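For reference, the structure discussed in these notes is given below.
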2 protein chains.
Amino acid sequence: MSKKISESAVRRLSLYLRTLEELDRAGHEAVSSEQLAARSATTAAQVRKDLSVFGSFGKRGFGYTVEELGRALRGILGLTQPWRVALIGAGRIGSALFEYTGFARRGFQIVAVFDSDPAKIGRKWGDSIIHDVAKLERVVSDKDIQIAILAVPVEAVQGVMDQASRAGVRGVLNFAPVRLKVPEGVTVKDVNLVIDLESLTFALSQGF
Amino acid sequence: MSKKISESAVRRLSLYLRTLEELDRAGHEAVSSEQLAARSATTAAQVRKDLSVFGSFGKRGFGYTVEELGRALRGILGLTQPWRVALIGAGRIGSALFEYTGFARRGFQIVAVFDSDPAKIGRKWGDSIIHDVAKLERVVSDKDIQIAILAVPVEAVQGVMDQASRAGVRGVLNFAPVRLKVPEGVTVKDVNLVIDLESLTFALSQGF
DNA sequence: CACAGCTTGTGAAAACCTTCACAATACTAG
DNA sequence: CTAGTATTGTGAAGGTTTTCACAAGCTGTG
């Protein structure tokens, strides 16, 4: 569909949205590409180019309306609807993610939690009960869940992924350090802090 | 110092290293750029180009020695020495990170933990005592810590960052959703799961 | 040793991404 | 209404990254 746009451009759009929300909270009504760039660690030309792919949201001589551009970006990023998310894995990472309020604030609702540990299954987290991961497919279909967060051990993750895609999950945030095999139409984003740390140590080592 | 290399190339190097370690565990002694690429989700040409920036590690007609290339990559990524890391923030994220064994396995040693909550200060986590964040500068200098992981609330993070850089920290992994201001010579990597999720929903929305 | 079969390392080409620079246009003041 | 100032949207230029394609070189076999 539509134009091609790079992964990094999309990530910048998300960043612009965060900046716009900060500006909104601070009472600003308008913003120029210059200001938006400064607060988002990029350049004015980059901001305008990124936006121009999707349309024309500003007024010459004036800039952008904070409120209006925010709405446009939410539309572009697919944030007008809330997303129903399954959290799979109720260990340390799962628990940290469940508690994190930043997801809900952006419309990501964790509507089901799963684990395979009998000691955890049936326990309550907030309003949710921890389900047996064996029931993944049923619950995910029933609750019409679109996104899964995989916070399970690396040995288990491909199996869980297979179940999730059979149940109709179309997007996945994967914390396990392995490249998942997924059917056509399923999108995976990997989170790997070791890679982040190693790109850091690379930079530090280059210093000498 | 040497050549310029892109952030994404460095991240690929880290990925190759992970793949090599898997191959090593599986008993492979040699690997071609073709095989390495297939297991790291890239192309053979890309693998060879990435490596060629740093030297020539393979043998024509044969490929790369798993063991040898692994050693070379650890050298390039700065992983021959263990790194001393401070974990700042003993909340949900901090706790998940502390428990995560993947860091230690790669030579990242969490040698000090900090928090500002009087209820947490003085408590023991494993062998570590949670220090008052007010003592950050002293402890970080004393223990010769080079890297800090910032898992504190967004309001507090710039202050903590300032202390950390005064104490001599040169690399930072930042979990707070804000662009940190740092002195020359300090490198920051941001981790922001909301951006990951939003680049996911962008992809999902494009599907229709 | 010569030859066949692989696989690397690397210039050159292609693709992709960012920056530049300016015409078009909106707002404000007089 | 006009002049002056500000800021967008966008082709074109410049830069970076990825892919291509092939000569060079290693290994094993007869």
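Predicted model only: the values in this text are computed from it and were never measured. For the numbers below, each heavy atom of this structure counts, side chains included, while hydrogens, waters and symmetry mates do not. By convention in this document, chain letters (A, B, ...) are assigned in the order of the sequence lines, proteins followed by strands, and residues within each chain are numbered from 1.
In this structure, A/D50 places its CG atom 10 Å from P of C/dT19, rounding to the nearest Å. Look at CD on B/E34: it is 11 Å from C1' on C/dC6, rounded to the nearest Å. Look at CD on A/E7: it is 11 Å from P on C/dC17, rounded to the nearest Å. The distance between atom CD of B/E68 and atom P of D/dC26, rounded to the nearest whole Å, is 14 Å. Taking atom CZ of residue A/F62 and atom P of nucleotide D/dG9, one finds them 12 Å apart after rounding to whole Å. One can place CD of A/Q35 at 13 Å from P of D/dA6, the figure rounded to the nearest angstrom. Atoms CG (B/L36) and P (C/dG9) sit 12 Å apart, rounded to a whole Å. Between the NZ atom of A/K4 and the C1' atom of C/dC17 there is a distance of 12 Å, rounded to whole Å.
With hydrogens and angles ignored, no donor-acceptor pair closer than 3.5 Å exists between the side chain of B/R60 and the base of C/dT7.
Closest to the side chain of B/S52, out of D/dT8, C/dT10, D/dC26, is C/dT10. Closest approach to the A/K49 side chain among C/dC16, D/dG9, D/dG11 is made by D/dG11 (side chain taken as heavy atoms from C-beta onward). Of the candidate nucleotides C/dT8, C/dC27, D/dC26, C/dC27 has the atom lying nearest to any side-chain atom of A/K59. Taking the side chain of A/S8 as heavy atoms from C-beta on, and the options C/dG9, C/dT18, C/dC27, the nearest nucleotide is C/dT18.
Mapping A/R12 and A/R48 onto DNA chain C via the closest heavy atom, the residue that lands nearer the 5' end is A/R12. Both A/A45 and A/S6 lie close to DNA chain C; mapped to their nearest nucleotides by heavy-atom distance, the more 5′-ward contact belongs to A/S6.
Annotation for A/Q35: atom CD counts as buried by contact number, over 12 foreign heavy atoms lying within 6.0 Å.
Taking 4.0 angstrom as the limit, A/Q46 places a side-chain polar atom (N or O) nearer than this to OP1 or OP2 of C/dT19. Residue A/S56 places at least one side-chain N or O closer than 4.0 Å to OP1 or OP2 of D/dG9. The shortest distance between the side-chain N/O atoms of B/Y64 and the OP1/OP2 oxygens of C/dG9 is below 4.0 Å. Close to D/dT19, at under 4.0 Å from its OP1 or OP2, lies a side-chain N or O of B/T43.
Electrostatic pairing of B/E21 and B/R106 counts as a salt bridge here, judged by a charged N lying under 4.0 Å from a carboxylate O.
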Applying side-chain contact (heavy atoms from CB on, under 4.5 Å), run through B/L36 and B/L69 and close with a yes or a no. CA-CA 11 Å; B/L36 196 46; B/L69 184 57; 3.9 Å; yes
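Between B/F114 and B/H131, the ring planes are tilted. Angles from 30° to 60° get that label.
At least one donor-acceptor pair under 3.5 Å links the side chain of A/S165 to the backbone N or O of A/D162.
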